[in-house]
Every structure is written in structure tokens, then in C-alpha cells.
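Quick notes on the structure that follows.
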There are 2 protein chains.
Amino acid sequence: MKSDVVFKRAYNDSLDLIAELGVGAALPSENALGARLGVSRTTVRKVLAALADKGAVSGAPRQRRVRAVVQPTQRFPDAETVPLGAQVERRFMEWMLRDNACPGTAVNELELARQLGTATTSIREFLNRFQRFGLIEKRPNAGWILKGFTSDFALELFEIRELFELRSARAFAKLPPASPLWRQIEALREEHLRLLDEIEQRFHDFSDLDNRFHRLINAALPNRFVEDFYEIIAMIFHYHYQWNKQDERQRNEVAIREHLAYIDALTSRDVTRVEAACRTHLASAKETLIRSTAGPAAVPPQRGRRRRRAGVTPA
Amino acid sequence: MKSDVVFKRAYNDSLDLIAELGVGAALPSENALGARLGVSRTTVRKVLAALADKGAVSGAPRQRRVRAVVQPTQRFPDAETVPLGAQVERRFMEWMLRDNACPGTAVNELELARQLGTATTSIREFLNRFQRFGLIEKRPNAGWILKGFTSDFALELFEIRELFELRSARAFAKLPPASPLWRQIEALREEHLRLLDEIEQRFHDFSDLDNRFHRLINAALPNRFVEDFYEIIAMIFHYHYQWNKQDERQRNEVAIREHLAYIDALTSRDVTRVEAACRTHLASAKETLIRSTAGPAAVPPQRGRRRRRAGVTPA
DNA sequence: AATTTGTTTTTTATCGATTAAAGTACAATT
DNA sequence: AATTGTACTTTAATCGATAAAAAACAAATT
């Protein structure tokens with residue numbers, strides 16, 4: 001059956017919302033709530049019913065009000081608000097990165113399903129979607145082979161990344177002065193400066209800023225394939241940041257300065273400078289990533305004999 | 001339950017094989033047959049048992065021989081040897097291209113499943129894999145939206161294609177003279193000349209040649225993301241060739257000449273010439289593709305109201 | 001007349017079960 | 001040492017069913 005993560009997340013978000021509104025405040029209409037929480041009215045009504053049950057809101061049809069603010073302890077645990085697919089992805093990536101899973105390892109649906117406690121269907125769905133990241137490969141009727149997070153992977157990834165980002169950065173530099181992107185990049189520049197100021201305490205916040213920065217560059221010349229590719233980058237970095245804490249503050253500080261130089265180059269509209277700044281930054285990002293890969297080897301898949309099994313660590 | 005397309009295809013292929021060997025010839029060992037047919041020994045034995053049953057091969061243990069060549073009418077129909085996923089893809093693409101399905105149309109799993117006569121699981125799997133082609137988009141918990149085969153799609157596709165192919169072609173031109181790829185491209189050049197010679201009768205064969213030509217260029221500097229992207233191109237052209245027959249002979253002849261100029265540029269190792277030839281060819285391919293698209297519009301998805309349904313034509 | 005709410009229908013996410021195919025193991029045969 | 005028969009175990013592909021969420025319809029209210 002379908003899980004109710006949508007309901008649980010909406011319920012938790014509603015608790016925040018009523019705390020924000022304060023006791024006595026009138027609630028928005030069901031449709032307005034749905035739009036705000038990003039769920040259908042069906043789910044809104046379920047949440048509202050649960051809240052009325054807890055005595056958090058009064059149930060009167062057309063004039064619902066906040067009656068009491070619910071204790072944070074009454075919230076659903078965060079783990080229960082994460083969609084199954086995302087959970088599977090996280091566990092799989094952790095296994096691959098943390099345990100440095102070896103290229104050539106067989107990944108098998110049944111065993112993954114057992115270890116993650118889900119039906120095989122969900123695992124299949126995940127693997128099929130995950131395939132596009134280039135880290136696994138399907139052999140029809142015979143499971144999946146891990147290609148692995150190797151330095152080859154990182155090199156190929158960054159070759160394309162550079163190709164794409166140079167293209168986008170050139171387009172950015174040629175943007176008409178009236179383009180709203182100029183304001184956005186100026187705002188990002190200021191965010192960078194603020195972060196640099198408090199780098200000792202807030203260096204973790206760089207990951208998100210990095211993501212927004214590169215997406216903004218790509219927005220100069222939208223292309224669905226570039227955007228899709230950037231999702232691969234974002235995914236890799238998302239997990240990589242969580243896993244490789246070595247020199248994190250230092251690395252992020254360097255990257256921030258590179259971003260600032262990159263932004264300056266863009267605002268100068270001097271294509272040669274833009275290209276140089278872009279290349280410099282990507283080269284150092286590549287270095288960082290490669291240092292944490294397993295190595296170059298892509299061991300050919302062993303056939304005919306029992307292959308090493310994927311051992312994702314149990315929950 | 002699992003379908004037995006693997007068995008049926010292997011069986012058909014075996015019929016071809018025994019016809020090729022001729023009556024009286026000794027059959028290869030089970031393992032050798034498995035390697036040749038691309039299936040496991042389990043399936044080989046099933047096929048062999050079926051063939052013995054038909055009297056096509058003698059069942060004697062270690063000296064199996066071809067006894068009779070089976071009539072082509074005894075083969076399994078081709079439709080039964082196509083994996084479900086491929087069938088779904090074909091039907092879906094035909095619907096989109098032939099019926100010029102409108103961007104913004106909702107694609108719904110249940111209805112597709114009903115129309116194609118499969119379980120919804122298979123449809124989901126297909127849609128998840130198909131997503132990477134950039135023609136559909138998922139809205140979690142709420143089905144899929146067709147982005148459609150629009151001119152925007154073609155433009156974005158060709159922007160990346162040019163970026164990638166210029167990169168590969170430059171690398172090709174710089175290949176050391178000892179590289180085996182030089183021999184391969186020379187062989188392809190001759191194939192092009194032969195095809196040009198018989199263009200009136202054989203213009204259909206260009207599609208396959210085109211595919212092999214561009215893959216060879218990409219092989220100059222292997223990169224999994226470039227290869228993955230080329231699968232999108234190949235898929236689009238595969239269906240496009242089947243669907244748009246207008247001026248086919250003429251178009252293919254032009255393309256062959258462009259390929260020949262491109263190959264000459266490569267063998268000259270003059271990067272400027274290579275780039276020019278590559279751009280010329282891709283520009284004309286782009287033109288062809290764009291002429292058969294629906295138009296630029298990407299209608300925003302309608303929400304809250306029943307959207308137009310995807311009407312894939314029944315089997 | 002447009003919102004808002006109550007009710008019903010449709011669709012997606014997820015499960016568990018079943019069959020085909022792959023893979024394992026090993027002794028018997030050439 | 002490779003090939004085969006036999007028998008078995010494991011895994012992938014595919015189905016149908018069910019609960020949650022979305023969407024549509026209908027009635028009530030301002």
C-alpha cells in the first residue's frame with residue numbers, strides 16, 4: 001500500500017503554520033492551505049481532521065481557528081516524512097561512498113529489498129531512475145553492476161560539467177543589462193560575502209549556496225539536458241559533502257573566493273576572464289572530488305561465477 | 001509472471017543457426033550455444049529440448065546433430081520476441097509522433113496500462129526510464145505530463161549534440177595515426193560510397209549507417225555521459241525515420257554526402273575543416289528534425305481541472 | 001457568481017506472489 | 001579438461017490487489 005509520508009509532512013508543516021499564526025487566528029481556506037502546503041485538498045482535510053482531534057484547531061466549518069499550539073514532541077519523526085525513493089537513494093549512496101563499494105560488484109534487487117525492508121518493486125524503480133547517474137549499469141535479466149564512484153567517473157563528470165558551464169557562463173556574460181539574472185547574481189555575491197565573514201561557524205551552508213550559484217549560471221541559457229545533467233552534479237555533491245568532512249571549512253573558503261572571482265568576471269562581461277575564472281573553479285572542485293574517489297579501476301564484470309554481493313548496511 | 005521472450009527469441013535464432021549449419025552438422029556445446037545466443041545454459045537446454053521435440057536435432061547426448069531444417073512458419077512471431085519494455089516504448093513513441101500529441105497532455109499510468117494490456121507496474125517502469133529522454137515529466141503523486149516532441153525539444157537536443165560532437169570530432173582529428181579508429185572510419189567511408197551507389201534501392205539502410213558513424217566519432221574520446229546522450233539521439237532518430245518518410249531518399253542522399261565531406265575533413269586532421277563539416281552536417285540534420293515537430297509551444301500544465309487524456313491507440 | 005466545503009471517483013505508490021531465466025553444484029561421461 | 005545430465009537455489013520480470021493522495025463532482029454559503 002501507499003505510505004502516508006505526504007500526510008505526515010503536511011501535518012508537521014501545519015504545526016509550524018499554526019504556531020506562526022498564533023492562538024485565535026483564523027485559518028486559511030482548505031484550498032489556500034493546500035496550495036501553501038503543496039498537497040491536495042483531500043490531504044488538507046485529513047490534516048485538519050487530525051488537528052481538530054488534537055484540539056489544535058476548532059472544527060467549525062467556515063471559520064476554523066487556531067485553538068492551541070501543539071508541542072513539538074507531537075510531531076511525526078522526520079524519518080517518517082521522507083518518501084521511500086529518497087530513503088532508498090540515501091542508503092544506497094551511503095553504502096557506495098562510505099564503504100567504498102568496489103566497481104564490478106553485483107547489486108541485486110532482492111537483497112537490497114531485504115536489507116532496506118521494502119518490496120522489490122520500489123528497489124527496481126529506484127535503480128531504474130538512478131541508472132542515469134552513471135554509477136550503475138543494468139544487465140537485462142541478470143541484475144545490476146556497480147560501476148562505482150571512481151576517479152574515471154569524476155573525470156568524465158567534470159569533462160561534461162566544464163563543457164556545459166563554459167557554455168552557460170559565456171551566455172551569462174552576454175545577457176542584456178536588463179536581465180533579472182544580474183540582480184540575482186548580485187544578491188548571491190552578497191550572500192557569498194556574508195558567508196565568508198562568518199565562515200568559521202557557517203561553512204556548512206556553502207553546499208546550498210554552491211548549488212544555487214551554478215544553477216543560476218545555467219539559467220542564462222536554459223536547456224533541459226543541461227539541467228538534467230546538473231542534477232547529477234547536485235546529487236553527487238550533496239552526498240559527497242555529507243560524507244567527506246576533511247578540510248571542509250578550508251575547502252569551502254577557497255571555493256567561495258573562487259565564486260567571487262567568477263562573479264566579478266561575469267559582471268565585467270569579459271569572456272576571456274569569465275572562461276578563466278570558470279576553469280579555475282571547476283579545476284579545484286574536480287581535484288577535491290577526485291581525491292575522495294576509490295581509484296581509476298573499472299573491473300570488468302565477472303560472469304559465470306558468483307559475484308561479490310552488494311552489502312548495504314542494514315537500517 | 002515473467003514472459004518468455006528470451007526463450008522465444010533464442011529459439012528463433014536457433015532455427016537460423018541450424019539452417020546455417022545444414023542437415024547433418026554437429027551442434028556446438030551447450031555453453032558455446034549459450035554464448036552465441038546470449039542466454040544462459042538453462043535457456044539453451046530448454047531450446048534444445050524444444051528442437052528435439054520438433055525433430056530438428058537429434059537428442060544424442062554428446063553428439064547432437066542437425067536433423068532437419070524447420071519451416072520458417074514454425075517460428076514464434078516476431079511480436080512475441082520483443083521485451084515488454086520495448087513494446088511499450090514503441091507504442092508510446094508512435095502515439096506521440098504519429099498523433100502529434102500535444103504538450104501539456106496528462107499521461108496516466110492506469111489508462112496506458114489498460115490500453116497496452118499490461119500491469120501498471122510495467123508502465124511505471126517504462127515511464128521512469130523514459131523520463132531521461134526529456135519528453136515527459138513526473139509530478140509526484142500526480143502522474144506525468146507530456147512535454148512533447150516540440151521544436152524547443154529539437155533545438156535543445158541539437159545544441160547539446162553539437163557541443164558533444166565538436167568535442168569528439170576534435171579529439172578524433174588528433175588521434176594518433178596508429179589508432180584502430182582510422183581503419184574503422186575508412187571502412188565506414190567505403191560503406192557510404194557503396195550505399196550512395198545504390199541509393200535508389202537501399203536508402204533505408206542509411207539510418208543504421210548514420211548511427212554507427214556518429215558512435216564511432218564519439219568513440220574517439222569515450223565518456224559515459226556523451227554515450228548516454230547519444231542514446232537519446234539514436235532513439236529519436238530511430239522513430240523519426242520510421243515515421244517521417246517525406247523526401248527520405250533525398251534527405252539521406254544529402255546526409256551521405258555530408259558524412260563523406262566530414263570523413264574527408266577528419267582524415268585531413270585539419271581541425272578548422274573538421275569543425276566546419278561537423279557544423280554543416282548537424283545543421284541540416286537539425287533542420288530535418290525541426291520540420292517535423294509540432295511547434296514551439298510548451299503549454300503550461302493545467303491543474304485542478306481534468307486535463308486532456310493521453311489516448312494511445314489500442315493494440 | 002465565486003468560494004468554500006462535503007462526497008465520490010480516479011489514480012498513484014507500494015506490497016506480495018508467481019513464473020522465466022540465471023546461476024550453482026557436482027557427479028558421470030568422453 | 002571440457003561437456004552433459006540432473007537437480008536445486010536465487011533472482012528478475014510481471015501480475016493483481018490495496019491504501020493514500022489527487023482530482024472531479026455536487027451542494028452549500030457568502
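Each chain gets a letter, A, B and so on, in the order its sequence line appears, and its residues count up from 1. Values below: every heavy atom of this structure, side chains too, minus hydrogens, waters and symmetry copies.
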Roughly, in whole Å, what's the span from CG in Asn31(B) to P in dG5(D)?
12 Å
At under 4.0 Å between heavy atoms, what does Lys138(B) touch on the DNA or RNA strands: base, sugar-phosphate, or nothing?
sugar-phosphate
Any side-chain heavy-atom pair from Val88(A) and Phe130(A) closer than 4.5 angstrom?
no
Salt-bridge present (Asp78(B), Arg9(B); N to O < 4.0 Å):
no
Looking only at side-chain atoms of Glu109(B), point me to the closest of dT11(C), dT12(C), dC25(D).
dT12(C)
Closest-nucleotide ordering on DNA chain D, the 5'-leading residue of Val6(A) and Arg41(A):
Val6(A)
Does OP1 or OP2 of dT3(D) have a side-chain N or O of Ser29(B) closer than 4.0 Å?
yes
Do Ser40(A) and dA21(D) share a donor-acceptor pair, side chain to base, under 3.5 Å?
no
Per atom distances to the Asp4(B) side chain, the nearest of dT14(C), dA20(C), dT4(D) is dA20(C)
Sugar-phosphate, base or nothing in reach of Ser3(A), heavy atoms under 4.0 Å
sugar-phosphate
Picking from dA13(D), dA12(D), dA22(D), the nucleotide nearest the side-chain atoms of Asn108(A) would be dA12(D)
How close or far is atom C1' of dT29(C) from atom CD of Gln63(B), stated in whole angstroms?
12 Å
Out of dT4(D), dT5(C), dG16(C), which has the shortest distance to the side chain of Ala119(A)?
dG16(C)
Spacing of Leu84(A) atom CG relative to dA21(D) atom C1', expressed in whole Å:
16 Å
Donor-acceptor pair under 3.5 Å: do we get one between Lys2(B)'s side chain and the base of dT14(D)?
no
Answer yes or no: is there a donor N or O on one side and an acceptor on the other, between the side chain of Thr105(B) and the main chain of Leu146(B), under 3.5 Å?
no
Length of the CG-P vector between Leu27(A) and dT4(C), whole Å:
13 Å
Considering only side-chain heavy atoms of Thr118(A), which listed nucleotide, dA22(D), dC15(C), dG5(D), is closest?
dC15(C)
What does Thr121(A) touch in the nucleic acid at a heavy-atom separation under 4.0 angstrom: a base, only the sugar-phosphate, or nothing?
base
Send over the distance from Leu110(B) CG to dA17(D) C1', rounded to a whole Å.
12 Å
Heavy atoms from C-beta onward define the side chain here; which of dT4(C), dA22(D), dT4(D) lies closest to that of Asn141(B)?
dA22(D)
Looking at every strand, decide which applies to Thr43(A) at a 4.0 Å heavy-atom threshold: base, sugar-phosphate, or nothing.
sugar-phosphate
Within the side chain of Gln87(A), is there an N or O that forms a donor-acceptor pair under 3.5 Å with the backbone of Val82(A)?
yes
Can you find a donor-acceptor pair, distance only, under 3.5 Å between Arg62(B) side chain and dT29(C) base?
yes
Rounded to whole Å, please give me the gap between CZ in Arg114(B) and C1' in dT12(C).
13 Å
In whole angstroms, how far is the C1' atom of dT6(D) from the CZ atom of Arg45(B)?
8 Å
To the nearest angstrom, the CZ-C1' distance between Arg129(A) and dT14(C) comes to 13 Å
Using only heavy-atom distances, determine whether the side chains of Gln131(B) and Trp144(B) contain a donor-acceptor pair under 3.5 Å.
no
What nucleotide, of dA13(D), dA21(C), dA21(D), holds the atom closest to the side chain of Lys46(B)?
dA21(C)
Please confirm whether the shortest side-chain N or O distance from Ser122(A) to OP1 or OP2 of dC15(C) is below 4.0 Å.
yes
Tyr239(B) side chain near Met235(B) side chain, heavy-atom distance below 4.5 Å
yes
